[in-house]
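Everything below concerns the one structure shown next.
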Amino acid sequence: MAVSYNHRAIELKWRKNWEEHPVNVDDGKKPKYYCLDMFPYPSGSGLHVGHWRGYVISDVWSRYKMMQGYYLIHPMGWDAFGLPAENYAIKMGIHPAISTAQNVANIKKQINDIAAIYDWDREVNTTDPDFYKWTQWIFVKMFKEGLAYEKEFPINWCPSCKTGLANEEVVNGCCERCGASVTKKNLRQWMLRITKYADRLLNDLDKLDWPEKVKKMQSDWIGKSYGAEVEFPVEGREEKITVYTTRPDTLYGATFMVLAPEHALAASLATEETKEAVEKYIYDASMKSNVDRLQDKEKTGVFTGTYAVNPLNGAKVPIWLSDYVLADYGTGAIMCVPAHDDRDFEFAKKFDIPIIQVIAKDGKEIENMTEAYTDAVGTMINSGEWNGMESAVLKKEAPHIIEERGLGRATVNYKLRDWVFSRQRYWGEPIPIIHCPHCGNVPVPEEELPLRLPEVESYEPTGTGESPLAAIDEWVNCKCPVCGADAKRETNTMPQWAGSSWYFLRYVDNKNDKELVSKEKADKYLPVDMYIGGVEHAVLHLLYSRFYTKFLYDIGAVDFDEPFHKLFNQGMINGKNGIKMSKSKGNVVSPDDLVRDYGCDSLRMYELFVGPPELDAEWDDRGIDGVYRFLNRFWKLAMDSKEANVAETKEMVKLRHKSVYDITQRLENFSLNTVISGFMEYNNKMTDLAKTSGGIDKETIETFIRMLAPFAPHIAEELWEAYGHTDSVFHTSWPEADQEAMKDDELEIPVQINGKTKTVIMVPADISKEDAIARGKEALGNKLNGTIVKEIYVPKKIVNIVQK
RNA sequence: GCCGCUGUGGCGGAAUUGGCAGACGCACUUGACUCAAAAUCAAGCGGGUAACACCGUGCCGGUUCGAGUCCGGCCAGCGGCACCA
């Protein structure tokens, strides 16, 4: 392809220039704008065009904000703990710190090709002891506040990664990282009490300018429900079984009860006759993996032989065990109302248990019920003193009625569980806790942090639930900081999410060795105004970060309790036919060749032009020719116009203001693909004007250059300089449109008959309704051949004549 | 199963929120320049017709002077949750 502007020379020149004369400077007077990218894991395979997209979006937005007069916080760093580096270490024997440093250097080079204005003085790396000192510090604070605690229970265990996992890391019963089927393993774990923040995490979603989709995912994940715990006495025994229900209104319809096989009372409820079957069922359930349990569509269960008593009406209800009841939600036991719950209905049908309808559907009782009636809509029937009430009303009142009568209590439940926080792997932050035989768990004193990750001979996970750190005696054995007795260090490490839960705070004060972040800098630069990244972290990183920020707020470390004011999720870029880019598929498109052949400016613009930024897009190399041609055409127009040096005309002024108005609006709407098409459109219009006038006036071209600058910074600087400016184009402001100047005197109006366009007319912008209709009718001429029923004129939009 | 999003030319996608459907670009066709090609420039490019008419935004129906846009009912694709009582 012939080159009419030399992108290589221009881009080199300006890259060097910006290094010597940074364009984003804090003069202490400008307001700040913090635009954050989700920081990458420095993988060995480098960046592809999909990674570019997010960084281009954030850079364009940042530069736009800079031109609006903000001082930018636009940092970049590395989320460098994690399994790939560790697995590489196991295979090659190279310390993760070394391979990670190499990858960082590599990716940094690639990121520099984007020409984003990252402030590398702010760079952070989660594996840097000066950084993870504060990751550990936060943990110690949480421990002191009772938010970090130890617990032994069956956790999610990935047999392939040989480590425990958080709930959020289990996807369809499989490990989020490697896809292996997750099993249960009884392990002593460090937990974070995120559930204590459930309500705040839920309620504060309202404060956030985030995509509704992400807010919904978080609120579903937190899963708050209102209901009641009801106590069912066990017939012939002292014990009572407490169930949790969201539908206490249907209590009269409870015809059986089901306990999770793991329920504490499960085995003891068996009778002589059922003992064998019950024990077998409990054993079988314990052997099932998550995946098995999910895949068993058919309900299974066993009758214990024992009955409970419905506390409301004294009815005898058989107690069953079944694995469709989860041990760790609610009370691990439920009352079953087959008439009004799908699962209970299925179970009752299979085991031939009576079904009693207590809510009338369409005012009557259903004969031969074939499916449960699950809506809380209708009048209560078969429900003693509740008969005749509306179920929707009763649903809300029943918990309080039950509480008043001493049968149970109104209660809320959450799906959110506490966060399993320890990993049995090497490459993570050591958990700064010392186990003392006398004092119990003692945190490493804050002044001794960071607790450095020691060198180790084998990175291989042991698979027993012990971290490789456990093998280093000289590290494990230590003295209790409280009593001085021989003690042992905690050998588990933190999950990768630990560092990423707060890294954005550190950017603004990354060299502070006294505080996580100084009050002064936090006040000045935080929180994040715009956060840009993929949607895959909706319930992981984004939930954890909110939790951490709220905790830091509570202990006074920061004075805001939400980290990210606005969130934007960019779509993925896929290969041909929407197939995800991956090394194994061989469809990865590297930005490097495209930068070489077309230049950074063209690639930046094409990354945006490829489609709406929030949607996934299919990459097609050929499309980049379009933006490349556009840049060349504009280059030529600008250079020719400079030569021609024509005076501005009314048309040019109008076009200038229209383009500013239009492009600014599209940009504000984050419709970046249409910003690019807008540039092309207005360039075409200017070219048309230039055909008659010989060029375009200086101010219009310069306005266009200023708007182009955030998108194609190099060519913009070069043209800006060519137009005689000695200062950077980024030190000018984003242009503003004068609405008066862009008004048209005459408008083209479509003229319709019965809503179908027949012709168009040119009319004065301020034409009266009567005149517009008269002009329209005149233009239609003999096409008007019926009886006119109605005449419509929508100012500046349309003339429509309705005829029969 | 439940919740959410999406469906427009050969392709990527526009449409100021109810007002000329297909902007902008890719691909393609033709022409100019060239010995030739590339690049560039000019013209064309939903179906249909000689030209009009007419038909066209996943499908069926509705509201409206007017529907890609609103309402009701389907279908397909993608994403989230997945026995949470």
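Within every chain, numbering begins at 1; the chains are lettered A, B, ... in the order of the sequence lines, protein sequences first and strands thereafter. Keep in mind the model is a prediction, meaning the values are calculated, not measured.
- Note: CG (Asn574(A)) to C1' (G77(B)) measures 14 Å, nearest angstrom.
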Using Watson-Crick and G-U wobble pairs with both distances under 3.5 Å, what is the 5'-to-3' dot-bracket string of RNA chain B, with [ ] for crossing pairs and | for pairs outside the strand?
(((((((..(((......[....))).(((((.......))))).((......))..(((((..]....))))))))))))....
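- Between the C1' atom of C78(B) and the NZ atom of Lys580(A) lies a distance of 14 Å, rounded to the nearest Å.
- In textbook terms, a nucleotide whose glycosidic angle is within 90° of 0 is syn, while G56(B), being further out, is anti.
- For Tyr628(A) and Tyr606(A), the gap between ring centers reaches or exceeds 6.0 Å.
- G7(B) and U16(B) are spaced 14 Å apart, taking the P atom of each and rounding to whole Å.
- Pairs passing the side chain to side chain donor-acceptor pair (under 3.5 Å) check and including a residue from residues 325-338 of chain A, sequence neighbours excluded, read Ser225(A)-Tyr329(A), Asp328(A)-Arg417(A).
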Using a cut-off of 4.0 Å between protein heavy atoms and nucleotide atoms, how would you tag nucleotides 18-30 of chain B 5' to 3' with B, S and -?
-BB--BBSSS---
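- Taking atom P in both U29(B) and A38(B), one finds a spacing of 11 Å when rounded to whole Å.
- Under a 3.5 Å cut-off, the side chain of Gln752(A) and the backbone N or O of Asn754(A) do not form any donor-acceptor pair.
- Atom-to-atom, CG of Asn569(A) to C1' of C78(B) comes out at 16 Å; the value is rounded to the nearest Å.
- Donor-acceptor pairing under 3.5 Å is lacking for the side chains of Tyr252(A) and Asn310(A).
- For the P atoms, the distance linking G66(B) with A21(B) amounts to 14 Å, nearest Å.
- In this pair, Phe630(A) and Phe634(A) present their aromatic rings parallel. The plane angle is below 30°, not in the 30 to 60° band.
- When distances are taken from the side chain of Pro612(A) to each of A14(B), A82(B), A85(B), the shortest belongs to A14(B).
- Among residues two or more places apart in sequence or in another chain, the side-chain contact (heavy atoms from CB on, under 4.5 Å) test is passed with Asn673(A) by Pro612(A), Pro613(A), Ser671(A).
- Listed by chain and number, the residues in a ring pair (Phe, Tyr, Trp, His ring centres under 6.0 Å) with Trp221(A) amount to none (sequence neighbours excluded).
- In U17(B) the O4'-C1'-N dihedral to the base is within 90° of 0, which defines a syn nucleotide.
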Run the side-chain hydrogen bond (donor to acceptor under 3.5 Å, both in side chains) test on Tyr661(A) and Asp738(A) for me, step by step, so that the C-alpha distance in whole Å, both residues' side-chain angles and the decisive distance to 0.1 Å come before the verdict.
CA-CA 8 Å; Tyr661(A) 180 82; Asp738(A) 178 353; over 6 Å; no
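- For a distance-only test at 3.5 Å, the side chain of Lys415(A) fails to qualify as a donor-acceptor partner of the base of C81(B).
- Between the OH atom of Tyr5(A) and the C1' atom of A39(B) there is a distance of 16 Å, given to the nearest Å.
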For nucleotides 3-10 of chain B, give me every protein contact, N/O to N/O, under 3.5 Å, one pair per line with atom names.
from: C3(B); atom 1: O2'; to: Lys216(A); atom 2: NZ; distance (Å): 2.8

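- Asp621(A) places its CG atom 16 Å from the P atom of G12(B), with the value rounded to the nearest Å.
- Checking Glu346(A) against Tyr324(A) by side-chain atom types alone, no donor-acceptor pair falls below 3.5 Å.
- Classification of the Phe679(A)-Phe711(A) ring pair by plane angle, with boundaries at 30° and 60°, yields perpendicular.
- Per the geometry, NZ belonging to Lys790(A) stands 5 Å off P belonging to C65(B), to the nearest Å.
- To the nearest angstrom, C1' of U16(B) lies 10 Å from CG of Asn669(A).
- The same atom, C1', is picked in G19(B) and in U69(B); the two are 11 Å apart, to the nearest Å.
- For G47(B) and C24(B), the C1' atoms lie 23 Å apart once the distance is rounded to whole Å.
- Per the geometry, NZ belonging to Lys758(A) stands 13 Å off C1' belonging to G66(B), to the nearest Å.
- Here the side chains of Leu205(A) and Ser219(A) are in contact, with some heavy-atom distance below 4.5 Å.
- Distances shown here put every side-chain N or O of Tyr324(A) at or beyond 4.0 Å from the OP1 or OP2 atom of A85(B).
- Residue Lys691(A) is in sugar-phosphate contact alone, with no base atom involved, counting any heavy-atom pair closer than 4.0 Å across all strands shown.
- The phosphate of C55(B) has OP1 or OP2 within less than 4.0 Å of a side-chain N or O from Lys756(A).
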